[in-house]
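Taking it in order: structure first as C-alpha cells, then the write-up.
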Amino acid sequence: MEQQNVEKVYQALDQMAETLETHDNTPYLDALGAAMEYILDRDMEAVTEQPSLKQQLDTQAAVFDKQEYKKEEIRKGIQLAILKGMKGATQQQHMLTPDTVAMLIGYLTNKLVGDNENFRMFDPAVGTGNLLTAVLNQVEREVHAYGSDVDPTLIQLAVMNANMQERRVEFFHQDSLRPFLLEPVDLVVSDLPVGYYPDDIQAAQFELKAEEGHSYAHHLFIEQSLHYTKEGGYLLLVVPNFLFESDQARALHTFLQQHAHIMGLLQLPDTMFKNESQAKSVLILQKKGSLTTAPKQALLVQLPSFKNPNAMANVLKQINDWFEKELSALKN
C-alpha cells in the first residue's frame, strides 16, 4: 500500500463531496456517500440531467479511471474523508474505530478462525463499515460478512465503502437490538456503542434489561451479539473499561458466566484516549457449547503505546504464546 495512492483517493472523494455539498446543499457525509455512488454508477439520473455538474464530477473522478487501487488504499482514503465529515459532528455515534484497533482485531481474527477456509462474520454496530472492511482486508479467506446500523447516513456510507472496495457485505438498516433475519455466525466483531438504550419496551426482551430506568446499550449489544453467534463461535468486542464496574455490572457478569467463556481482555493504550472515562478494551468471548471449555488462564494484557515498537513486539509474543498454548489445548 502506498500513502500517495491513499492521498489520491481521499482528494478525489473530498473534491466530489464538496462539489455535491455545495450544489445540493447537503451535509458533507451525505454528499460523500453520493460521490461514491457516482464513482460506481456514472449514470446516476440526478447527475446526468445536469451536464455542467456531470462534467465537473467526471473530471474529479478521473483518478479512479486511470489507476486501480488496492482495497486498503481505498479504505484509508474513504476513512480520511469520513473523518473530515465527522469533525464537529454532534452525534456521538458518528465515530470511527482507529486503524490501530482495527488492525489488532484483524490480527486476533486470524488467530481465532485458525485454518478455517471460510466463515461468517457480523458487525451489529457497523457504522461506516471501517472496522468490518479493515478486518476483511486482513483475512485471506472466503468470508460471508454482515453489518447493521440504524443510522441512515452511516449505513449508506458503509454500503458505498464496501462497494468501492469490491467487498461483498450484506447490510441491515435497522435497530440492531431488534430481531434479524440472520442465521448465527462464526464471529462477531464490533466497536460497541456506549450509553443508554432509549426503547424500554424493546429492552424488556433482553435478560440484561435494567431493573429500573434505561438499560445500557452496550450490555444489550453483548447479549444480542451472543444470540447471533454459533455455539463455540467467537466475539471480538471493543468495550469501555468500566464495563465490569458499573451499577449493572453484576448482572452482566452473571449473564456471561452462563452463556460465554471470557477468553481475554486487552486494555488499549491510555494514550489513545483524551480521558480515563473514554478508555476502552478489546473483550474476547467464546459462546458456550456442548464441546467448549474455558481457557485455563484468560489472556489479560495491558497494551503499550502502538508507537513503541519494542514494547508492542513483546506483547504480541505474549499473545502468540497464549494462543499457541490455550487454543491448541482447547482443540485437542
task = Output every pair passing salt bridge (charged side-chain N to carboxylate O under 4.0 Å, His left out) with a member in residues 125-143, not counting sequence neighbours, ordered by first then second residue.
result = none
ask   = Do the side chains of L192 and L268 join up, straight or via other hydrophobic residues, at under 4.5 Å, putting them in one cluster?
value = no
task = Mark yes when over 12 heavy atoms from residues, nucleotides or ligands other than Q55 sit less than 6.0 Å from its CD; otherwise mark no.
result = no
message = Within the 3.5 Å criterion, strictly below it, is a donor on Q50 or H23 matched to an acceptor on the partner's side chain?
response = yes
ask   = If every non-hydrogen atom of M272 is compared with every non-hydrogen atom of V101, which pair is closest and at what distance?
value = CE-CG2, 3.4 Å
Test item: E223 side-chain N/O and L208 main-chain N/O as donor-acceptor pair under 3.5 Å = yes
query = What distance do D24 atom CG and L53 atom CG have between them, rounded to the nearest 0.5 Å?
reply = 7.0 Å
request  = Describe, in one word, how the ring planes of Y196 and Y216 are oriented to each other, choosing from parallel (under 30°), tilted (30 to 60°) and perpendicular (over 60°).
outcome  = parallel
key: R167 and N137, any side-chain heavy atoms less than 4.5 Å apart   = yes
ask   = How far does CG of L136 sit from CD of Q138, to the nearest 0.5 angstrom?
value = 10.0 Å
task = Report the residues that fulfil side-chain contact (heavy atoms from CB on, under 4.5 Å) with A311, sequence neighbours left out, ordered by chain and then residue number.
result = P304, N308
ask   = Has the side chain of E73 got a donor or acceptor atom that lies under 3.5 Å from a matching backbone atom of E2?
value = yes
query = For N118, which residues count as a side chain to side chain donor-acceptor pair (under 3.5 Å) partner, sequence neighbours excluded?
reply = none
ask   = Among the clusters formed by ILVMFWY side chains lying less than 4.5 Å apart, do M103 and F273 turn up in the same one?
value = no
query = Does Q297 offer a backbone N or O that forms a donor-acceptor pair with the side chain of W322 under 3.5 Å?
reply = yes
key: Test log, rule side chain to side chain contact (heavy atoms under 4.5 Å, CB included), inputs L40 and F64   = CA-CA 10 Å; L40 295 164; F64 294 98; over 6 Å; no
ask   = Do N163 and M36 come close enough that some side-chain heavy atom pair is under 4.5 Å?
value = no
query = Out of curiosity, Q267 CD to L265 CG, how far, rounded to the nearest 0.5 Å?
reply = 7.0 Å
request  = Taking all non-hydrogen atoms of both residues into account, name the closest pair between A12 and V63 and its distance.
outcome  = CB-CG1, 3.3 Å
request  = Provide the closest heavy-atom pair for A35 versus A17 in the form atom of the first, atom of the second, distance.
outcome  = CB-N, 4.1 Å
In residues 175-189, what donor-acceptor pairs under 3.5 Å come from side-chain atoms, sequence neighbours left out?
from : atom 1 : to   : atom 2 : distance (Å)
D175 : OD1    : L177 : N      : 2.9
D175 : OD2    : Y197 : OH     : 2.5
S176 : OG     : P124 : O      : 2.6
S176 : OG     : S148 : OG     : 2.7
R178 : NH1    : Q202 : OE1    : 3.2
R178 : NH2    : D199 : OD2    : 2.8
D186 : OD1    : K230 : NZ     : 3.2
D186 : OD2    : R120 : N      : 2.8

key: side chain to side chain contact (heavy atoms under 4.5 Å, CB included) assessment of E7 paired with Y10   = CA-CA 5 Å; E7 288 293 330; Y10 163 69; 4.2 Å; yes
query = Are L316 and L300 grouped together when hydrophobic residues (ILVMFWY) are joined by side-chain heavy atoms under 4.5 angstrom apart?
reply = no
message = Atom CG of residue position N25 - does it have more than 12 heavy atoms of other residues, nucleotides or ligands inside 6.0 Å?
response = no
ask   = Is the backbone of E37 close enough, under 3.5 Å, to the side chain of D41 for a donor and an acceptor to pair up by distance?
value = no
note = From the list N161, I155, T153, side chain to side chain contact (heavy atoms under 4.5 Å, CB included) partner of L157 resolves to T153
ask   = Got a sec, which residues hit salt bridge (Lys or Arg N to Asp or Glu O under 4.0 Å) with K317, two or more places apart in sequence or on another chain?
value = D321
inquiry  = Going by the rule side-chain contact (heavy atoms from CB on, under 4.5 Å), which residues pair with T271 if we only count those two or more places apart in sequence or in a different chain?
reply    = P269, S305
remark   = Residues pairing under salt bridge (charged side-chain N to carboxylate O under 4.0 Å, His left out) where one sits in residues 8-18, two or more places apart or in two chains, turn out to be D14-K84, E18-K84
Table please: side-chain donor-acceptor pairs of residues 252-264 below 3.5 Å, with sequence neighbours left out.
from : atom 1 : to   : atom 2 : distance (Å)
T254 : OG1    : R250 : O      : 3.0
H259 : NE2    : E207 : OE2    : 3.4
H261 : NE2    : T292 : OG1    : 3.0

ask   = About how many Å separate CG of N241 and NZ of K280, when rounded to the nearest 0.5 Å?
value = 10.0 Å
query = So do the side chains of L57 and L20 get within less than 4.5 Å of each other, counting heavy atoms only?
reply = yes
ask   = Hey, any chance I222 and V150 share a hydrophobic cluster, counting ILVMFWY side chains that come within less than 4.5 Å of each other, even indirectly?
value = no
task = For H144, enumerate each residue passing the ring pair (Phe, Tyr, Trp, His ring centres under 6.0 Å) test, keeping only those at least two apart in sequence or located in another chain.
result = none
query = If Ile, Leu, Val, Met, Phe, Trp and Tyr residues are connected whenever their side-chain heavy atoms lie under 4.5 Å apart, and connections chain through other members, are M164 and M16 in the same group?
reply = yes
ask   = Is there a side-chain contact between N130 and I82 (heavy atoms, below 4.5 Å)?
value = no
inquiry  = Would you say that H218 contacts V239 through its side chain, given a criterion of any heavy-atom pair below 4.5 Å between the two side chains?
reply    = no
task = Taking the side chain as every heavy atom from C-beta outward, state whether V282 and L303 have any pair of such atoms under 4.5 Å apart.
result = no
message = List the residues meeting side-chain contact (heavy atoms from CB on, under 4.5 Å) with V135, not counting sequence neighbours, and say none if there are none.
response = I105, T109, M121, L131, V139
task = Please name all residues satisfying side-chain contact (heavy atoms from CB on, under 4.5 Å) with Q318, sequence neighbours left out, ordered by chain then number.
result = V301
query = In Å and rounded to the nearest 0.5 Å, what is the CD1 to OG1 distance from I78 to T128?
reply = 9.0 Å
Least distance between heavy atoms, L237 atom then S225 atom = CD2-OG, 4.5 Å
ask   = Under a 4.5 Å cut-off applied to non-hydrogen side-chain atoms, are V113 and V143 in contact?
value = no
task = Check Y28 against A81 and note the closest heavy-atom contact, atom names and distance.
result = CE2-O, 3.3 Å
query = Does a side-chain heavy-atom distance below 4.5 Å link Y107 with N320?
reply = yes
task = Would you give the length of the straight line joining atom CG of L299 to atom CZ of F323, rounded to the nearest 0.5 angstrom?
result = 6.5 Å
remark   = Looking only at heavy atoms, the pair that brings V169 and G147 closest together is CG1-N, 4.2 Å
task = Scan residues 98-109 for pairs that pass salt bridge (charged side-chain N to carboxylate O under 4.0 Å, His left out), counting only residues two or more places apart or in two chains.
result = R75-D99, K76-D99
